[in-house]
Amino acid sequence: GGPPGWGARGIEDMGFLLDATPLEWDESLEVIRYVREHGIAQFIHLYNRIKDIEGDRLLWGDEVEYAIFKLDAERGTVKLSLRGAEILAGLQEGERSVPVGQQCNW
């Protein structure tokens, strides 16, 4: 299950989200520790399941989600990069040299 009160919001066992209402910030504070702990546990489980996959092909309609972060090892911090638009433009530019029919939609 989830933290107290989540059942009323449509969350079922951290699985497929059927229907839910976003939490207000003050409401989220009640469950944020649970979300962090279980989110990390889910990530580690998923990572361990797929970390050795190599050469997996992306098929038509497959999607890849990503985020760009900056790691400061000295300070022990991670920050979200705001260079997404710039990087996307570079990826799109690179696709212009790929033969027609083999491009990606970034």
Side-chain angles (χ1 to χ4, degrees):
W6 270 31
R9 289 187 165 80
I11 308 291
E12 296 180 8
D13 297 321
M14 299 293 289
F16 183 69
L17 180 61
L18 299 175
D19 183 23
T21 303
L23 297 174
E24 295 291 333
W25 177 253
D26 58 336
E27 291 177 306
S28 73
L29 297 176
E30 299 172 16
V31 296
I32 202 161
R33 182 183 178 106
Y34 177 91
V35 171
R36 283 183 182 156
E37 290 173 358
H38 288 78
I40 291 168
Q42 277 186 330
F43 173 80
I44 291 169
H45 173 76
L46 180 61
Y47 173 78
N48 285 328
R49 189 167 57 95
I50 65 172
K51 67 182 178 184
D52 297 320
I53 295 174
E54 292 183 17
D56 199 21
R57 293 177 42 200
L58 291 175
L59 302 175
W60 181 259
D62 284 349
E63 296 180 17
V64 177
E65 293 186 26
Y66 62 91
I68 303 165
F69 299 94
K70 182 176 181 178
L71 173 64
D72 185 335
E74 287 182 21
R75 293 186 176 145
T77 60
V78 178
K79 296 181 180 179
L80 180 64
S81 173
L82 300 178
R83 295 184 52 221
E86 174 187 342
I87 293 168
L88 178 59
L91 291 169
Q92 290 171 331
E93 180 62 34
E95 283 298 311
R96 290 186 181 90
S97 64
V98 176
V100 173
Q102 296 180 14
Q103 299 103 338
C104 293
N105 282 327
W106 298 102

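Starting from 1, each residue takes its place in the sequence as its number.
With sequence neighbours left out, Glu24 forms a side chain to side chain contact (heavy atoms under 4.5 Å, CB included) with Asp26, Glu27. Residues meeting the side-chain hydrogen bond (donor to acceptor under 3.5 Å, both in side chains) test with Glu74, sequence neighbours left out: none. Applying the side-chain hydrogen bond (donor to acceptor under 3.5 Å, both in side chains) criterion to Glu93, with sequence neighbours excluded, gives Arg96. Evaluation of the side-chain hydrogen bond (donor to acceptor under 3.5 Å, both in side chains) rule for Arg36 yields no partner, not counting sequence neighbours. Scored by the side chain to side chain contact (heavy atoms under 4.5 Å, CB included) test, Val100 finds Gln103 as partners (sequence neighbours excluded). Arg75 meets the side chain to side chain contact (heavy atoms under 4.5 Å, CB included) test with Asp72, Thr77; sequence neighbours excluded. Ile53 is linked by a side chain to side chain contact (heavy atoms under 4.5 Å, CB included) to Ile50, Asp56, counting only residues two or more places apart in sequence or in another chain.
Under a cut-off of 6.0 angstrom, the local environment of CG in Leu82 is sparse, with at most 12 non-hydrogen atoms contributed by other residues, nucleotides or ligands.
The minimum heavy-atom distance between Ala67 and Leu80, with the atom names listed, is CB-CD1, 4.5 Å.
Here the CG atom belonging to Asn48 is positioned 9.0 Å from the CZ atom belonging to Phe43, to the nearest 0.5 angstrom.
For residues 76-85, the salt bridge (charged side-chain N to carboxylate O under 4.0 Å, His left out) pairs, not counting sequence neighbours, are Arg83-Glu86.
Transitive grouping of hydrophobic side chains (ILVMFWY, heavy atoms separated by less than 4.5 Å) brings Ile68 and Leu91 into a common cluster.
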